[in-house]
Amino acid sequence: QVQLVESGGGLVQAGASLRLSCAASIRTFSSNAMGWFRQAPGKEREFVAVISWTGRSTYYADSVKGRFTISRDNAKNTVYLQMNSLKAADTAVYYCAASQNYYPGPKSSEYDYWGQGTQFTVSS
């Protein structure tokens with residue numbers, strides 16, 4: 001059974017940095033692209049970033065480009081989201097997702113497995 005468990009959420013001030021982690025219990029983790037999505041209160045879930053199987057390809061939403069960095073450690077079955085220069089607009093529940101596609105796009109339908117999410121709040 002596939003499980004994705006996010007961690008690292010909490011409360012930070014605007015301008016701070018934070019790293020989210022997602023531990024995946026997937027037998028073939030290195031054959032899954034990994035993505036991060038977020039859902040702010042009253043809004044739909046939106047794409048944040050994706051990283052390919054090998055980690056060589058990444059893609060970001062315009063709203064986080066230059067501030068967030070997605071990375072993965074296939075030896076640890078873990079994907080990370082380093083977030084810098086945080087803004088109040090980044091406040092959301094952050095979800096980790098896995099896709100059996102090598103390099104999926106920003107549509108949630110391209111992802112096969114989802115974590116439960118971790119809450120993250122930026123105070124201004």
Side-chain angles (χ1 to χ4, degrees):
Q1 184 175 355
V2 174
Q3 259 194 324
L4 302 177
V5 180
E6 303 93 339
S7 61
L11 175 65
V12 298
Q13 291 189 334
S17 298
L18 192 70
R19 188 177 78 164
L20 301 181
S21 299
C22 173
S25 61
I26 302 178
R27 185 170 56 87
T28 56
F29 178 78
S30 60
S31 297
N32 279 263
M34 299 298 297
W36 285 97
F37 287 74
R38 67 186 182 185
Q39 186 167 16
K43 295 187 177 181
E44 293 188 353
R45 188 177 301 185
E46 66 174 1
F47 169 80
V48 174
V50 62
I51 188 166
S52 62
W53 293 5
T54 60
R56 291 174 185 163
S57 299
T58 57
Y59 177 72
Y60 298 91
D62 288 343
S63 58
V64 306
K65 198 174 297 182
R67 300 188 298 121
F68 289 13
T69 302
I70 188 171
S71 61
R72 65 188 296 158
D73 185 339
N74 287 347
K76 295 183 178 179
N77 279 23
T78 302
V79 62
Y80 305 98
L81 186 67
Q82 177 67 43
M83 305 181 290
N84 300 327
S85 303
L86 287 162
K87 307 174 183 179
D90 295 318
T91 295
V93 176
Y94 282 70
Y95 297 91
C96 172
S99 173
Q100 295 178 344
N101 296 331
Y102 172 73
Y103 189 37
K107 295 182 180 179
S108 58
S109 59
E110 297 184 71
Y111 296 79
D112 304 290
Y113 307 106
W114 293 84
Q116 292 299 309
T118 184
Q119 174 67 50
F120 167 54
T121 302
V122 181
S123 63
S124 56

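Just so you know, residue 1 is the first one in the sequence shown, and it goes up from there.
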So, taking the atom named [atom1] in [X] and the one named [atom2] in [Y], what distance separates them when rounded to the nearest 0.5 Å?
X: Ser99; Y: Lys107; atom1: OG; atom2: NZ; value: 13.0 Å
X: Ser31; Y: Asn101; atom1: OG; atom2: CG; value: 12.0 Å
X: Ser21; Y: Arg72; atom1: OG; atom2: CZ; value: 13.5 Å
X: Gln116; Y: Gln3; atom1: CD; atom2: CD; value: 8.5 Å
X: Asp73; Y: Ser30; atom1: CG; atom2: OG; value: 11.5 Å

Write down the atom of [X], the atom of [Y], and the distance for their closest heavy-atom approach.
X: Ser124; Y: Ala14; result: CA-CB, 4.2 Å
X: Leu11; Y: Ser123; result: CD1-CB, 4.2 Å
X: Leu4; Y: Cys22; result: CB-SG, 4.0 Å
X: Leu20; Y: Met83; result: CG-CE, 3.5 Å
X: Cys96; Y: Met34; result: SG-CE, 3.5 Å

Checklist entry - Does atom CD of Glu46 have more than 12 heavy-atom neighbours from other groups under 6.0 Å away? => result yes
Checklist entry - Would one find more than 12 heavy atoms of other residues, nucleotides or ligands at under 6.0 Å from atom CD of Gln39? => result yes
Item to check | Check: Gly117 main-chain N/O paired with Glu6 side-chain donor or acceptor under 3.5 Å | outcome: yes
Taking the side chain as every heavy atom from C-beta outward, state whether [X] and [Y] have any pair of such atoms under 4.5 Å apart.
X: Val48; Y: Tyr60; result: no
X: Gln100; Y: Tyr113; result: yes
X: Val122; Y: Phe120; result: yes

Item to check | Co-members of Tyr111 in a cluster of I, L, V, M, F, W and Y side chains, linked at under 4.5 Å | outcome: Phe37, Phe47, Val50, Trp53, Tyr59, Val93, Tyr95, Tyr102, Tyr103, Trp114
Checklist entry - For Asn84 and Ser17, does a side-chain donor sit closer than 3.5 Å to a side-chain acceptor? => result yes
Item to check | Option passing side-chain contact (heavy atoms from CB on, under 4.5 Å) with Trp36 (candidates Ile51, Val64, Leu81) | outcome: Leu81
Next on the checklist: With clusters defined by side-chain heavy atoms of hydrophobic residues (ILVMFWY) lying less than 4.5 Å apart, directly or transitively, does Ile26 cluster with Ile70?
Outcome noted: yes
Item to check | Sequence-distant partners of Asp90, side-chain hydrogen bond (donor to acceptor under 3.5 Å, both in side chains), two or more places apart | outcome: Arg38, Arg67
